[in-house]
Amino acid sequence: LRQADGSYAWYRDRGAARRNLEGKITHWYGMLEDVSDRHVAEEARRYSDKVALRVLEMTDDAVIVFNQDGIITYSNAIAAKLLGDGSTLNGTQIKDLFIESWNQEVKNTIDCIIGTEQNRHLEIFWPYQDMWLDVRLYASTSDISMFIRNNSEQHIAQKKLIYAANHDLLTGAANRTAIFAKISDILARQAPESKIALFCLDVDYFKEINDKYGHPAGDSLLQQIVSRLQSHLRENDAVARCGGDEFLIMQTAIRTPTDAIRLAERLGAEMQEAFEINGVSIKTSVSMGIAISSFGETNVDRLYQQADRALYLAKRKGRGGYRLFSPEMQTLLDKTAHLHTDLASALAREEFFLEFQPIIDLFEKCVVGVEALVRWQHPEKGVVSPAEFIPIAEECGLITELGAWVVRRACEAAHLLPESLRVSVNISPRQFELDNVYRIVRNALLTTGLPAERLKLEITESVLLVKNSLNRKTLQALRDIGVTLVLDDFGTGYSSLSYLDIFKFDYIKIDQSFIARIKNEGDRHQVFEAVMGMTKALNLPATAEGIETEAQLRYAQSLGCEYAQGNYFAKPMQSDELHRFLSSPLRTPI
Ligand code: C2E
Ligand code: MG
Ligand code: MG
């Protein structure tokens with residue numbers, strides 16, 4: 001009605017007729033009630049219902065509302081399509097939508113939530129549409145609303161994260177964390193008769209392969225290695241890559257160490273087959289250390305440490321082999337661990353000293369030089385051999401400091417010897433890797449004032465094994481300042497003619513293991529003779545090391561060996577004793 005002020009308002013109009021005795025209407029009476037407020041509110045409610053409905057129809061979620069009896073009272077179109085055939089779900093029992101066994105969790109949740117005012121959240125796989133669904137339920141006293149959302153993308157991203165946390169992404173193998181967890185788990189419920197073997201694998205000279213063929217080729221090699229390893233494993237076994245060229249293998253359910261050895265031999269042979277990478281055939285090998293769990297052992301770190309130690313010893317024996325961890329190794333391990341800590345402070349406590357072993361010219365029959373050999377005066381263990389502590393110093397990097405100390409001391413000592421004598425110093429391949437050998441040698445020469453011509457460096461061929469030319473350049477630079485270069489321990493390790501070709505040494509020292517086989521007059525050694533033949537062809541003067549008997553000396557002489565060194569002439573000795581030795585004529589017949 002239009003009101004006096006011109007505005008409109010809503011009224012409810014009620015009227016009633018009054019009749020007389022004959023039933024005839026005599027008059028009307030009634031009232032007008034202002035219902036504007038109620039009307040507006042109603043309008044608003046109708047509007048908001050419409051909006052809510054529209055929103056529910058537009059949302060990406062499937063929405064279902066059901067009552068306390070489980071009867072669906074509302075479902076949007078998406079719900080109808082996702083959970084049914086597209087026709088409305090209203091009136092259906094909610095649990096009838098989840099009848100398959102994989103939906104048990106949903107049914108349980110519905111059972112729990114009815115009659116409460118709780119909210120619930122769960123994630124389910126919906127195989128019909130190949131989706132992961134995120135399901136949220138909100139309960140009130142009257143009804144329960146269910147919002148279902150396709151969560152596949154997030155689920156996959158999450159799965160990828162979990163995958164990345166447990167795998168090596170280059171090869172797809174497990175990573176260290178994952179395999180350690182697996183091993184821990186198995187160790188915890190290990191039966192006495194079934195053990196596991198843990199293999200530590202290292203690809204031999206991987207760095208060199210990487211340098212020579214490039215990183216993509218190196219990556220491809222690692223991938224191929226993993227698939228070859230996997231092809232030899234059984235279902236419950238596992239392979240993991242733990243960075244660089246290191247792998248772990250867990251062999252389960254083994255009964256005797258022979259089971260592990262058989263696998264090691266199979267893997268070793270398999271790895272020696274050439275790898276085809278971008279049309280190039282690359283050969284390599286792996287070194288392996290193996291530890292077998294003992295019943296009751298649950299510490300995966302300890303098992304790993306044992307396998308790693310066995311690997312270290314396998315590598316020291318030469319590449320491409322395997323070693324099984326033994327309790328004796330544990331003793332060695334403990335001993336090394338002690339030496340390790342002691343070694344760190346040995347240099348500061350001045351516990352190292354040098355001994356010198358004369359080198360004899362077999363033609364001139366006189367001493368022409370000495371080889372400096374380092375010793376360690378251990379406070380409790382007495383004198384420790386370099387064969388024992390040099391590998392440890394190499395491992396922990398202390399070899400750089402120690403090596404520099406040896407060069408300087410040797411140069412100082414050489415200064416006090418007759419000018420005709422030269423001093424030989426051993427340089428570890430690790431020093432080339434970790435330090436600037438040229439700078440160290442040059443500094444030692446400068447600070448001691450020893451002419452470079454009086455210094456000889458003994459290196460092993462593994463220095464040349466590194467395919468990049470840096471080491472060769474260092475050697476050439478040393479040669480350019482006048483230092484003499486000796487190839488030490490020739491005939492062991494990788495010895496091949498090619499190394500004599502790669503770099504022209506001044507001298508060659510034939511490894512003492514060959515001479516050691518000559519016991520009696522008339523004994524011969526083919527490798528020794530072959531190497532001697534080679535040195536003659538290359539015009540390289542040879543030194544025979546480790547001469548202990550006259551028979552050995554005669555044999556070396558018969559092959560035309562120029563120089564010799566060994567206990568037969570003189571043991572390694574300290575400076576004062578050396579001076580005495582040099583001042584008197586040689587006592588042994590040459
Ligand atoms: P190497 O360079 O081959 O040294 C020769 C080894 O043969 C020395 O062992 C020496 O004492 C030993 N020897 C000499 N004559 C005889 C003999 O008649 N019979 C036998 N059986 N052995 C003999 P040592 O002093 O124990 O040194 C072992 C190895 O340790 C050396 O082998 C060398 O590779 C390394 N080394 C020693 N001192 C140094 C050093 O200052 N720096 C580096 N990097 N390595 C060193
Ligand atoms: Mg030597
Ligand atoms: Mg030697």
Side-chain angles (χ1 to χ4, degrees), residues 316 343 346-347 351-360 367 369-377 382-414 422-435 437 440-441 444 455-463 484-493 495 505-519 542-553 555-556 563-574 577-578 581 588:
R316 265 177 58 183
L343 199 62
L347 206 61
E351 288 170 3
F352 293 110
F353 65 94
L354 291 186
E355 283 192 337
F356 301 91
Q357 186 173 38
I359 299 170
I360 318 292
V367 177
V370 292
E371 177 175 7
L373 295 160
V374 67
R375 272 91 184 86
W376 178 13
Q377 181 68 55
V383 177
V384 186
S385 146
E388 233 175 287
F389 68 82
I390 294 280
I392 304 172
E394 287 177 336
E395 204 180 344
C396 67
L398 192 82
I399 190 71
T400 57
E401 262 182 275
L402 176 61
W405 179 88
V406 170
V407 181
R408 207 179 49 250
R409 270 301 159 88
C411 289
E412 271 167 20
R422 300 206 276 182
V423 66
S424 298
V425 177
N426 293 287
I427 305 282
S428 146
R430 272 293 268 176
Q431 276 173 271
F432 281 88
E433 246 174 80
L434 300 175
D435 210 349
V437 173
I440 287 185
V441 170
L455 179 64
K456 284 162 94 175
L457 298 182
E458 296 195 1
I459 61 163
T460 53
E461 61 196 342
S462 56
V463 171
T484 307
L485 299 169
V486 183
L487 185 55
D488 200 2
D489 298 343
F490 193 77
T492 59
S495 296
F505 285 89
D506 303 297
Y507 293 88
I508 196 166
K509 255 190 177 183
I510 305 173
D511 193 70
Q512 50 177 286
S513 56
F514 306 119
I515 270 294
R517 310 255 195 95
I518 306 296
K519 304 279 184 226
T543 310
E545 287 191 287
I547 301 277
E548 289 181 348
T549 64
E550 192 170 344
Q552 291 171 340
L553 168 67
Y555 178 62
Y563 302 95
Q565 179 182 348
N567 295 350
Y568 173 73
F569 309 104
K571 288 202 162 83
M573 50 199 141
Q574 294 197 46
E577 200 186 339
L578 177 68
F581 177 83
T588 40

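Computed from a predicted structure; not experimentally measured. Quick note: numbers below take in every heavy atom, side chains included, and nothing from hydrogens, waters or symmetry partners. Numbering of ligands and ligand atoms starts at 1, following listing order.
Any N or O atom pair closer than 3.5 Å counts here, and Tyr568 shares no such pair with ligand 1. At under 3.5 Å, not a single nitrogen or oxygen of Gln431, backbone or side chain, sits near a nitrogen or oxygen of ligand 1. The shortest N or O to N or O distance between Asp489 and ligand 1 is below 3.5 Å.
Ligand 1 lies nowhere less than 4.0 angstrom from a heavy atom belonging to Glu394. By the 4.0 Å heavy-atom criterion, Pro572 is counted among the residues contacting ligand 1. The shortest heavy-atom distance from Lys571 to ligand 1 is not under 4.0 Å.
Less than 4.0 angstrom separates some heavy atom of Ile547 from each of these atoms of ligand 1: 18 (O). Taking every heavy atom of Glu545 and a limit of under 4.0 angstrom, the matching atoms of ligand 1 come to 1 (P), 3 (O), 4 (O), 5 (C). For ligand 1 and Gly566, the ligand atoms under 4.0 Å from any heavy atom of the residue are 15 (N), 18 (O). Proximity to Glu548 (heavy-atom distance under 4.0 Å) selects the following atoms of ligand 1: 17 (C), 18 (O), 19 (N), 20 (C), 21 (N).
Without hydrogens or angle criteria, Gln431 side chain to Ser428 main chain gives a donor-acceptor distance under 3.5 Å. Under the 3.5 Å distance criterion, the side-chain polar atoms of Lys571 are left unmatched by any main-chain donor or acceptor of Tyr568. Glu548 places no side-chain N or O within donor-acceptor distance of the main-chain N or O of Gly566, the cut-off being under 3.5 Å.
When non-hydrogen atoms are compared, ligand 1 lies under 4.0 Å from neither the backbone nor the side chain of Lys509. At a 4.0 Å heavy-atom cut-off, ligand 1 does not touch Glu355 at all. With a 4.0 Å cut-off on non-hydrogen atoms, Val406 touches ligand 1 through its side chain and not its backbone. When heavy-atom distances to ligand 1 are checked against a 4.0 Å cut-off, Gln512 comes that close only through its side chain, counted from C-beta outward.
In terms of heavy-atom proximity, Val486 sits nearest to Lys456 at CG2-CE, 3.8 Å. For the residue pair Ile515 and Gln552, the shortest heavy atom distance occurs at O-NE2, 3.1 Å. Closest approach of Glu458 to Asp488, counting heavy atoms only: OE1-OD2, 2.9 Å. Taking all atoms of both residues into account, the shortest heavy-atom contact from Pro386 to Pro391 is O-CD, 3.6 Å. The nearest pair of heavy atoms linking Ala564 to Phe569 is CB-CE1, 3.7 Å. Among all heavy-atom pairs drawn from Gln512 and Glu545, the shortest one is CB-O, 3.5 Å.
Considering Val407, Val441, Val374, Leu373 in turn, Val407 is the only one that fulfils the side chain to side chain contact (heavy atoms under 4.5 Å, CB included) rule with Val425.
For the Mg ion (ligand 2), the N/O/S atoms of Asn426 include one lying under 2.8 Å. At a cut-off of 2.8 Å, Asp488 is counted among the residues with an N, O or S atom near the Mg ion (ligand 2). The distance from the Mg ion (ligand 2) to the nearest N/O/S atom of Glu545 is not under 2.8 Å.
If you check each of Ala570, Ser424, Pro386, Ser428 against atom 35 (C) of ligand 1, the one with the closest non-hydrogen atom is Pro386. Comparing Asn567, Leu373, Asp488 against atom 10 (C) of ligand 1, the shortest heavy-atom distance belongs to Leu373. When the heavy-atom distances from atom 33 (C) of ligand 1 to Asn426, Ile515, Val425 are ranked, the shortest goes to Asn426.
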- Applying ring pair (Phe, Tyr, Trp, His ring centres under 6.0 Å), run through Phe505 and Phe490 and close with a yes or a no. CA-CA 12 Å; Phe505 285 89; Phe490 193 77; 9.1 Å; no

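The OE2 atom of Glu371 and the OE1 atom of Glu458 meet at the Mg ion (ligand 2) at an angle of about 90°, given to 10°.
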